[in-house]
Amino acid sequence: MQERGILFVGPGVEVYEGMVVGEHSRDNDLDVNVVREKKMTNMRASTADDAIRLVPYRTLNLEQAIEFIADDEFVEVTPKSLRLRKKILQQNKRPKRWEKAGQALQ
């Protein structure tokens, strides 16, 4: 996932649907399943021997999280964690980007 943007959660952290786990390199939202592992094939690429550079994840404090969220997101604050999440957790119930633009024109 690190090729697509900056991660906010580290390995081993429990995630749930609707949780914001990173910032996409473009300005749109990207729904991904970070729990599913990448399927390994029997075919080897010529670049398979290249070293994989893992970038450390970025932790946000409360002020940074509040500045980061969009209109359709919340900051969840608990005694043990600070999480970003969507207002509507289920991806299929969230309005699409083009629906928002259509409503703005009306």
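The distance from atom CE of Met19 to atom CD of Glu14, rounded to the nearest 0.5 Å, is 9.5 Å. In this structure, Gln90 CD and Glu17 CD are separated by 5.5 Å, a value rounded to the nearest 0.5 Å. To the nearest 0.5 Å, atom CD1 of residue Ile69 and atom CG of residue Leu60 are 11.0 Å apart.
Without hydrogens or angle criteria, Arg58 side chain to Ile6 main chain gives no donor-acceptor distance under 3.5 Å. Remark: side-chain polar atoms of Glu67 are not paired, donor with acceptor, to backbone N or O of Gln64 under 3.5 angstrom.
The two residues Ala65 and Leu84 have their closest heavy-atom pair at CB-CD2, 3.7 Å. Closest of all the heavy-atom pairs between Lys93 and Ile88 is CB-CG2, 3.9 Å. Among all heavy-atom pairs drawn from Arg94 and Leu89, the shortest one is NH2-O, 2.9 Å.
Under the 4.0 Å criterion applied to side-chain N and carboxylate O atoms, Asp72 and Lys86 are assigned as salt-bridge partners. Looking at Lys87 and Asp71, no side-chain N of the basic residue comes within less than 4.0 Å of a carboxylate O on the acidic one, giving no salt bridge.
Contact check for Arg83 versus Val15: no side-chain heavy atoms found under the 4.5 Å cut-off. With contacts defined as side-chain heavy-atom distances shorter than 4.5 Å, the pair Val77/Val75 qualifies. For the pair Val20/Val9, no side-chain contact is recorded, criterion being any heavy-atom separation below 4.5 Å from C-beta on.
Follow the hydrophobic side-chain contacts under 4.5 Å out from Leu82 and you never reach Phe74; the two are in separate clusters.
Phe68 is linked by a ring pair (Phe, Tyr, Trp, His ring centres under 6.0 Å) to Phe8, counting only residues two or more places apart in sequence or in another chain.
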